[in-house]
Amino acid sequence: MRIVQVPLGSRSYAIKVGGGLLARLGAECAQLKLGQRCAVITDSNVGNHFAKTAMKSLAASGFEPVLISVPAGEKSKRIAVVEKCYDQLAAHRLERKSFVVALGGGVVGDLAGFVAATYLRGIPFVQVPTTLLAQVDSSVGGKTGVNLKAGKNLVGAFYQPQLVLCDLDALKTLPKREYISGLAEVVKYGVIYDAILFAQIERDLPELLQRDASTLQSVIARCCEIKADVVGQDETESGLRAILNFGHTIGHAIENSFGYGKFLHGEAIAIGQVAAAKLSHKILGLPSGDVGRIEKLFVRAGLPVKIKLDSARRKKLFAAMKLDKKVSAGEVKFVLAEKLGKVVWGQKVSPVLIEEVLGSLQ
Ligand SMILES: NC(=O)c1ccc[n+]([C@@H]2O[C@H](COP(=O)([O-])OP(=O)(O)OC[C@H]3O[C@@H](n4cnc5c(N)ncnc54)[C@H](O)[C@@H]3O)[C@@H](O)[C@H]2O)c1
Ligand SMILES: [Zn+2]
């Protein structure tokens with residue numbers, strides 16, 4: 001097992017990465033000195049695979065868990081579902097020292113985290129992420145929240161968990177497309193922060209695609225270290241934390257303009273990262289060899305790097321980019337790479353250049 005600390009003063013916590021951790025959930029929670037009553041929030045898919053183990057482990061350590069299952073999918077990230085969760089917490093008489101366990105992917109983590117952040121003005125919570133994306137990204141850093149009809153993640157809170165347990169065994173049941181989508185975030189950490197990690201991913205990609213436990217442990221722990229380092233310096237995204245959005249300006253616009261569901265998040269940001277790399281070449285002189293390495297790695301992983309855009313779609317995509325939360329005063333800002341492992345944020349890019357790069361992705 002590897003342990004990564006997230007350094008946030010009195011709100012610091014550990015991320016544990018290893019096999020068989022779900023069965024140890026109760027024992028791990030016992031060390032946190034929390035109340036007896038707790039709620040495990042999960043979704044219909046994840047619950048089928050793992051709820052029994054989680055509930056059994058908590059009960060064996062003397063906790064009284066209640067299971068709350070929500071329908072799988074992004075549609076559960078909404079206020080109506082939050083309210084249903086509150087009602088079940090209240091019915092089970094959860095109190096100030098009680099806690100919530102988020103057992104699932106990013107949807108469950110964001111939802112359960114927001115429930116924990118707001119029920120009784122905040123009760124402790126523990127993340128047990130079960131997708132690759134959730135293990136390297138959404139479970140770490142304390143962003144919680146739900147969607148509105150007007151857009152994604154528009155309601156939420158910064159609220160840190162007390163512990164994150166990344167059980168590598170949970171990834172075994174993850175559908176292949178979801179798993180590969182998560183790899184796009186893994187590659188991102190190499191590009192933005194760590195050229196050695198990038199080279200490791202290039203070298204160990206076959207093992208990663210086979211979900212080899214020891215390779216996963218080292219790569220996931222490194223990604224968490226990087227996220228912890230960034231979040232530790234800029235918890236609420238006033239600066240540095242923006243680098244985690246590399247590839248996301250165009251990626252989010254792709255998800256948005258094609259309608260959520262056509263592209264998985266990781267697929268959209270793989271294309272977005274290739275676009276950002278090409279912009280980086282034009283603006284910051286990122287060597288074309290490095291652009292090629294990024295593109296090739298995504299192709300080898302089975303991720304898309306090209307996208308067909310007719311003129312109507314391109315218009316929609318530009319409109320979506322301007323609506324992005326990262327836009328300030330109408331300027332679209334990008335995270336761009338100077339070299340592999342080193343990026344800068346807040347880069348203004350002219351629409352003409354964006355058009356040109358999108359054109360080259362056809
Ligand atoms: N809070 C953050 O910092 C942050 C960062 C990135 C993304 N997010 C959010 O995360 C969400 C996406 O998360 P996601 O990609 O994990 O999606 P998800 O939670 O919807 O999970 C994807 C699918 O896999 C299933 N699943 C999960 N774990 C499984 C397992 N081990 N075995 C079998 N099936 C499993 C789920 O039921 C679901 O159908 C989005 O809502 C996004 O906004 C949040
Ligand atoms: Zn992302």
Side-chain angles (χ1 to χ4, degrees), residues 6 22 41-51 53-54 69-78 81 102-114 117 125 127-147 151-161 164 166-189 192 211 223-224 227 230-231 235-237 241-252 254-256 260-261 263-273 276 325-326 335:
V6 185
L22 186 60
I41 301 183
T42 190
D43 75 24
S44 39
N45 293 334
V46 179
N48 279 341
H49 292 294
F50 306 117
T53 310
S69 182
V70 304
E74 188 72 26
K75 62 187 179 303
S76 279
K77 258 179 68 173
R78 62 189 158 100
V81 179
L103 173 65
V107 164
V108 164
D110 283 11
L111 167 77
F114 184 67
F125 92 110
Q127 289 267 22
V128 185
T130 62
T131 64
L132 182 56
L133 175 133
Q135 296 196 350
V136 298
D137 189 1
S138 60
S139 67
V140 178
K143 279 193 187 176
T144 71
V146 295
N147 307 325
K152 259 177 74 77
N153 300 323
L154 291 181
V155 171
F158 284 101
Y159 194 65
Q160 302 294 342
V164 181
C166 297
D167 187 341
L168 302 171
D169 294 322
L171 299 178
K172 289 180 184 160
T173 54
L174 192 61
K176 187 174 173 194
R177 191 173 166 203
E178 294 285 350
Y179 178 79
I180 288 178
S181 173
L183 285 176
E185 299 282 3
V186 170
V187 170
K188 180 193 79 180
Y189 286 106
I192 64 170
R211 310 186 198 188
C223 293
C224 289
K227 183 144 188 193
V230 171
V231 170
E235 187 180 5
T236 55
E237 197 162 337
R241 191 167 176 163
I243 68 171
L244 299 169
N245 293 323
F246 179 75
H248 282 57
T249 309
I250 287 177
H252 281 152
I254 290 172
E255 285 180 281
N256 193 303
Y260 289 96
F263 288 96
L264 293 181
H265 177 69
E267 295 165 350
I269 65 149
I271 300 166
Q273 288 182 71
K325 272 187 295 189
K326 275 145 310 265
V335 180

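The structure presented is a predicted model; accordingly, all values stated were derived computationally and were not measured. Atoms within a ligand are numbered from 1 in the order they appear, just like the ligands themselves.
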Side chains of H265 and E185 only: does a donor on one sit below 3.5 Å from an acceptor on the other? yes
Looking at E255 and K152, is any side-chain nitrogen of the basic one under 4.0 Å from a carboxylate oxygen of the acidic one? no
Every N, O or S from the protein that is nearer than 2.8 Å to the Zn ion (ligand 2): E185 OE2, H248 NE2, H265 NE2
For ligand 1, what is the set of protein residues having any non-hydrogen atom at a distance below 4.0 Å? D43, N45, V46, H49, F50, A72, E74, K77, G105, G106, V107, D110, T130, T131, L133, D137, S138, K143, K152, N153, A170, T173, L174, P175, E178, K227
Determine, for E267 against R177, whether the closest basic-nitrogen to carboxylate-oxygen distance falls under 4.0 angstrom. yes
I'd like to know if the side chain of D167 pairs up with that of Q135 as donor and acceptor (distance under 3.5 Å, no hydrogens or angles considered). no
N147 and K75: side-chain hydrogen bond (donor to acceptor under 3.5 Å, both in side chains), yes or no, with the steps? CA-CA 8 Å; N147 307 325; K75 62 187 179 303; over 6 Å; no
K227 vs R241, test: side-chain contact (heavy atoms from CB on, under 4.5 Å). Steps then yes/no. CA-CA 9 Å; K227 183 144 188 193; R241 191 167 176 163; 4.1 Å; yes
For I254 and I271, run side-chain contact (heavy atoms from CB on, under 4.5 Å): C-alpha distance rounded to whole Å, both residues' side-chain angles, the deciding distance at 0.1 Å, then the answer. CA-CA 9 Å; I254 290 172; I271 300 166; 3.6 Å; yes
Pairing of K143 and D110 as salt bridge, 4.0 angstrom limit: no
Carefully, step by step, assess V136 and Y189 under the rule side-chain contact (heavy atoms from CB on, under 4.5 Å). CA-CA 9 Å; V136 298; Y189 286 106; 4.1 Å; yes
